[in-house]
Amino acid sequence: MEKKAGFSNRLGFVLAAAGSAVGLGNIWRFPYLAAKYGGGIFLLIYLILTVTFGFTLMITEIAIGRKTGKSCIQAYSDLNKRFSFLGYIAALVPMIIFPYYCVIGGWVVKFLGVYISNQAHKATTEGYFGSFISSTSGPIICLAIFLFLTAFVVLLGVEKGVERVSKFLMPILVVMSLGTAIYSLTIDGAIDGLIYYIKPNFSEFSIKTVVAAMGQLFYSMSLAMGIMITYGSYMKKSDNLEKSVRNIEIFDTSIAFLSGLMIVPAVFAFSGGDKDALQKGPTLMFETLPQVFDKMKGGHIFGLVFFLLVLFAALTSAISLMETIVSIIYDKFGFGRKKICIAVMILSFIIAIPSSLGFGVLSHITIIGYSILDFFDFISNNILMPIVALLTAVLVGFIVKPKTICDEVESSESFKSRKMYIVIIKYIVPVCMIVILVSSLVGYV
């Protein structure tokens, strides 16, 4: 077996892990959830959950990876043989998400191409997005382009591929997000949207707001996917684990916050304060925003920068998903890394095709009422990820005990949040995960 890969330093680890966390969940999902669940109050709850709940789960997964030096299947088995099944459940998550994520990544490629080729106005016509995703060849070609870009980086390896690209893209993402957000706030009427976005209105608080913020946390921070365990296995023992996790949180939350600043005030201004315009889910990015850009002064450039930013964000997350799958197979079977990369790329492309065609020639096929892509999204995000987090909390909190994780964190530096961590992993995480699972199942029924 080849020597286990690793990150060259803590900065490389932080930027790669932050790149994994920063993805489509930050760019389009966070803004529309913030708008749907009360603006400022959602933002406040999300920030509180990030530094407590999110921190606890992330440091647990990274510590498991660093302690065992393995990806999720082998890592859970090393912690406790009876929980080896949990590694297989965790491994399923990126394997399910990656193919359909590449389909959405292909949509981003298409819209970036539209702005590059100076055809942005066409994207504002009614039915343009629906017509594109319901076609056959176009979305598959864009999917292939996105998948190839992802696989190319992963083929280069952990240090020369994943780490190097993350070091390049993450600073660019931050600068582009900041610049675009500032420009968005100069639009007439945008300040009202800004106030709605950042000022908490406690009358809008509800349990649904908390559950939505918690669900977004999973999606945004790459939790319960095996990703952070994999990246933790590449981390040096001498690196400060607690500080690294805090840095990842800052990167991830900053991009999410800036995405809201880019989108909420602009849409708010051009819709005349209509919050419903912000609550359109995926179509917000591919239907509403092109219309907003079309009305803006310099909107073509704004749109071009925005979709380039979205592509970078989508790529960093896709790279982490594919890297996790490659690492899982490598640790389990010991095949050559390049062979695994090529096999994963080909199989992912084949598996992704039905999700792509599910909006066109296969649109008549539904699974428990969902389109093919939406079904995979529901199973991975609403069912499997909460189960993985719940069982991880049970394993760490009551079987191997929190001391196992705390000792790993303290092998490099003191664990300042130790007491908070123990309380949250033993009592708060299990309760929250049960609430999310129940709410998901009730919402489906």
Side-chain angles (χ1 to χ4, degrees), residues 3-23 25 54-76 78-79 87 90-91 93-95 97-98 101 150 153-154 156-170 218-252 313 315-331 337 340-341 344 385 388-389 392 405 408-409 411-412:
K3 183 181 176 182
K4 180 77 174 182
F7 293 113
S8 63
N9 52 42
R10 191 174 72 86
L11 177 63
F13 165 75
V14 167
L15 291 177
S20 168
V22 173
F55 167 82
T56 299
L57 282 175
M58 182 174 282
I59 205 165
T60 298
E61 293 190 15
I62 294 174
I64 288 173
R66 192 173 78 168
K67 178 179 176 61
T68 61
K70 308 281 180 58
S71 53
C72 59
I73 291 179
Q74 301 298 110
Y76 282 112
D78 282 5
L79 279 184
V93 178
M95 292 177 184
I97 292 176
F98 181 58
Y101 194 91
T150 304
V153 175
V154 177
L156 292 175
V158 175
E159 186 178 338
K160 293 181 179 178
V162 178
E163 180 181 340
R164 184 174 292 175
V165 169
S166 298
K167 282 182 174 179
F168 173 72
L169 289 184
M170 286 306 297
F218 270 88
Y219 199 91
S220 178
M221 296 180 71
S222 297
L223 300 172
M225 303 182 189
I227 291 174
M228 291 303 162
I229 292 178
T230 297
Y231 277 19
S233 73
Y234 300 149
M235 191 180 187
K236 290 182 177 180
K237 288 283 187 180
S238 58
D239 290 340
N240 187 317
L241 211 160
E242 183 177 12
K243 190 174 181 180
S244 297
V245 172
R246 292 297 187 194
N247 289 339
I248 296 166
E249 287 181 318
I250 291 170
F251 264 106
D252 179 66
L315 276 173
T316 55
S317 286
I319 288 165
S320 70
L321 286 164
M322 185 174 179
E323 175 59 38
T324 299
I325 298 168
V326 170
S327 180
I328 288 168
I329 298 171
Y330 176 80
D331 283 353
R337 181 183 169 87
I340 297 172
C341 287
V344 169
M385 286 161 61
V388 171
T392 300
I405 301 300
E408 178 60 33
V409 176
S411 66
S412 52

- Message: What's the separation between atom CZ in R337 and atom OH in Y330, rounded to the nearest 0.5 Å?
- Response: 9.0 Å

- Message: Do L156 and R164 make a side-chain contact, defined as non-hydrogen atoms from C-beta onward lying under 4.5 Å apart?
- Response: no

- Message: Any non-hydrogen side-chain atom of I328 less than 4.5 Å from a side-chain atom of C72?
- Response: yes

- Message: Would you say that Y234 contacts E323 through its side chain, given a criterion of any heavy-atom pair below 4.5 Å between the two side chains?
- Response: yes

- Query: What do the steps show when you test Y76 against T392 for side-chain hydrogen bond (donor to acceptor under 3.5 Å, both in side chains), and what is the final call?
  - Reply: CA-CA 9 Å; Y76 282 112; T392 300; 2.8 Å; yes

- Specify the closest pair of heavy atoms between S238 and S412, including all atoms of both residues, with the distance to one decimal. O-CB, 3.8 Å

- Task: Scan for side chain to side chain donor-acceptor pair (under 3.5 Å) pairs involving residues 54-67, sequence neighbours excluded, and state none if there are none.
- Result: T60-Y421, R66-E408, R66-S411

- Any donor-acceptor pair under 3.5 Å linking the side chain of D331 with the backbone of S71? yes

- Item | I62 and I248, any side-chain heavy atoms less than 4.5 Å apart | yes

- Is there a side-chain contact between M225 and I97 (heavy atoms, below 4.5 Å)? yes

- Atom CG in L315, atom OG in S320: separation rounded to 0.5 Å? 11.0 Å

- Message: Any heavy-atom pair between the side chains of T324 and F98 that's under 4.5 Å?
- Response: no

- Item | S222 and Y231: side chain donor to acceptor below 3.5 Å | no

- To the nearest 0.5 Å, tell me how far I329 CD1 sits from I340 CD1. 6.0 Å

- Message: Side chains of L223 and M58, heavy atoms from C-beta outward: is any pair under 4.5 Å?
- Response: yes

- Task: Kindly write out the residues that satisfy side chain to side chain donor-acceptor pair (under 3.5 Å) with S220, not counting sequence neighbours, or none if the list is empty.
- Result: N26, Y46, D252

- Task: Provide the closest heavy-atom pair for A224 versus V93 in the form atom of the first, atom of the second, distance.
- Result: O-CG2, 3.8 Å

- Compare every heavy atom of Y101 with every heavy atom of A313, then report the nearest pair and how far apart it is. O-OH, 4.3 Å

- Should we say atom NZ of K237 is surrounded by more than 12 heavy atoms from elsewhere, each under 6.0 Å from it? yes

- Query: Mind checking whether M228 and M221 have side chains closer than 4.5 Å, heavy atoms only?
  - Reply: no

- What residues form a side-chain contact (heavy atoms from CB on, under 4.5 Å) with E242, not counting sequence neighbours? F55, I59, N240, V409, F415, K416, S417

